[in-house]
Number of protein chains: 2
Amino acid sequence: MKPSPPIDIEQRLANLTEACRATGMRVTHQRLEIFREVAKTSEHPDADTIFQRVRKRLPTVSHDTVYRTLASLEEMGLISRVDPARGGARYDANCDKHHHFVCTECGAITDIYLQYEPPLPEGIENLGDVESLHLQVRGICQNCKTN
Amino acid sequence: MKPSPPIDIEQRLANLTEACRATGMRVTHQRLEIFREVAKTSEHPDADTIFQRVRKRLPTVSHDTVYRTLASLEEMGLISRVDPARGGARYDANCDKHHHFVCTECGAITDIYLQYEPPLPEGIENLGDVESLHLQVRGICQNCKTN
DNA sequence: GTCACTGCAAATAATTTGCAAAGCA
DNA sequence: TGCTTTGCAAATTATTTGCAGTGAC
């Protein structure tokens with residue numbers, strides 16, 4: 001397992017601006033703040049957590065704008081959805097190739113960087129065109145183990 | 001990728017009876033029929049699909065009984081939840097070690113049997129106690145490709 | 001007979017949608 | 001200005017819960 005690279009927020013925000021320009025989408029205040037909340041953390045927050053945090057800066061932001069914006073950002077490829085075993089969708093602005101450890105007790109999600117990426121199963125092309133491969137390791141995290 | 005082994009419904013139903021006896025749970029008509037619906041297919045139906053099918057035989061079965069029963073069966077280890085990227089939870093009575101191909105267009109889930117199981121990432125023990133490892137390959141299935 | 005299980009109804013959580021007003025390019 | 005995006009409110013979808021009656025062992 002390789003160590004996690006540091007988060008470069010400025011780079012991520014620059015990617016947002018560029019992606020918006022490229023796709024004709026507008027860089028609105030809401031979009032910027034919602035993306036910033038996802039971009040600045042590696043804790044994979046869910047939609048409601050993002051909503052609560054953004055609301056501190058933009059008190060009039062609505063719940064559905066958060067959902068719509070997260071969907072747009074995902075479509076632009078700037079963030080990705082992580083679907084844990086339980087609870088709502090979680091979001092991740094980490095575009096590096098990586099996988100996840102999901103705690104089945106508290107729901108915490110930690111990035112896993114593999115030394116070698118798992119190869120696609122041979123013969124998978126008979127099932128369809130592959131878009132992505134996700135490895136999810138489930139278990140009890142250190143924090144839950146000791147508590 | 002290894003070929004999928006055939007489904008042995010009788011064996012699966014026998015496992016249910018034995019697991020109920022072992023855990024003190026009762027083999028009710030509803031529980032039997034709900035399990036049978038999951039056990040006899042490899043299409044990974046969701047809770048509502050199971051509900052619709054069981055209702056044909058047990059017209060008074062309720063939606064919440066299906067949810068509660070699926071949760072019990074999962075706890076007993078007779079079925080497992082599959083969480084696709086979109087939509088509700090799907091259920092699977094296949095207890096052999098396997099992974100999934102999920103079609104991002106129609107939501108179809110197909111079992112994948114690997115020649116070699118992916119090894120746990122080295123150093124994963126620093127994150128916590130591992131319970132399971134799931135590989136999910138996402139893409140467009142053959143059926144959606146041609147339509 | 002006892003205790004787990006079920007059906008009903010209603011609650012909750014998570015997410016989506018229609019529409020008119022507001023804001024970026 | 002024109003078209004995207006937002007906020008509001010309400011609708012959906014997925015799932016869970018309390019409770020009294022029912023049934024398996």
Side-chain angles (χ1 to χ4, degrees), chain A residues 13 16-38 44-52 54-76 78-79 81-91 107, chain B residues 13 16-38 44-52 54-76 78-79 81-91 107:
Chain A
L13 289 173
L16 171 65
T17 310
E18 195 197 339
C20 283
R21 194 170 310 155
T23 59
M25 300 184 94
R26 285 158 193 185
V27 185
T28 62
H29 197 184
Q30 289 88 333
R31 194 162 279 168
L32 198 62
E33 292 305 321
I34 290 167
F35 179 66
R36 193 199 302 275
E37 279 307 329
V38 184
H44 309 78
D46 63 14
D48 191 59
T49 303
I50 296 164
F51 171 66
Q52 302 297 344
V54 169
R55 200 157 58 152
K56 288 182 188 163
R57 294 156 167 246
L58 298 176
T60 64
V61 80
S62 67
H63 223 147
D64 56 290
T65 295
V66 172
Y67 277 102
R68 273 185 292 214
T69 302
L70 290 170
S72 312
L73 293 173
E74 191 193 3
E75 234 173 276
M76 285 191 272
L78 292 165
I79 63 174
R81 270 171 74 111
V82 185
D83 295 272
R86 307 236 156 218
R90 309 274 294 262
Y91 294 88
Chain B
L13 289 173
L16 170 66
T17 309
E18 196 198 339
C20 283
R21 193 170 309 156
T23 59
M25 300 183 95
R26 288 163 190 180
V27 186
T28 62
H29 198 183
Q30 290 87 334
R31 195 164 278 168
L32 198 62
E33 293 304 322
I34 290 167
F35 179 65
R36 193 200 302 277
E37 279 306 330
V38 184
H44 309 78
D46 62 15
D48 190 60
T49 302
I50 296 164
F51 170 66
Q52 301 297 344
V54 169
R55 198 156 60 152
K56 288 182 189 164
R57 292 154 167 249
L58 297 176
T60 64
V61 78
S62 66
H63 222 149
D64 57 293
T65 294
V66 173
Y67 277 102
R68 274 185 291 213
T69 302
L70 291 170
S72 314
L73 294 173
E74 190 192 3
E75 236 173 274
M76 286 191 270
L78 292 166
I79 63 173
R81 271 171 73 111
V82 186
D83 296 272
R86 306 238 157 215
R90 308 275 292 263
Y91 294 88

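Values below: every heavy atom of this structure, side chains too, minus hydrogens, waters and symmetry copies. Chain identifiers are assigned alphabetically (A, B, ...) following the order of the sequence lines, protein sequences preceding nucleic acid strands; residue numbering begins at 1 within each chain.
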Which heavy atom of [X] sits nearest a heavy atom of [Y], and at what distance?
X: Tyr91(B); Y: Arg81(B); answer: CE2-CG, 3.4 Å
X: Arg31(A); Y: Leu16(A); answer: O-CD2, 4.3 Å
X: Ile50(A); Y: Val38(A); answer: CD1-CG2, 3.7 Å
X: Gln30(A); Y: Leu58(A); answer: CA-CD1, 3.8 Å
X: Glu33(B); Y: Val54(B); answer: O-CG2, 3.9 Å

In whole angstrom, give the distance that lies between atom [atom1] of [X] and atom [atom2] of [N].
X: Phe51(B); N: dT16(D); atom1: CZ; atom2: C1'; value: 15 Å
X: Leu73(A); N: dT4(D); atom1: CG; atom2: P; value: 17 Å
X: Leu70(B); N: dT6(C); atom1: CG; atom2: C1'; value: 15 Å
X: Glu74(A); N: dT16(C); atom1: CD; atom2: P; value: 10 Å
X: Arg55(B); N: dG7(C); atom1: CZ; atom2: C1'; value: 13 Å
X: His63(B); N: dT17(D); atom1: NE2; atom2: P; value: 16 Å
X: Arg21(B); N: dA24(D); atom1: CZ; atom2: P; value: 16 Å

For DNA chain C, the residues among residues 24-34 of chain A that have a non-hydrogen atom under 4.0 Å from it: Arg26(A), Val27(A)

Pairwise side-chain contact, Gln52(A) with Thr49(A), heavy-atom cut-off 4.5 Å (strictly under): no

Carboxylate-amine/guanidinium proximity below 4.0 Å for Arg21(A) and Glu18(A): no

OG1 on Thr28(A) to CD1 on Ile34(A), rounded to 0.5 Å: 7.5 Å

Sugar-phosphate or base contact per nucleotide [nucleotides 8-14 of chain C; S, B, -; heavy atom under 4.0 Å]: BB----S

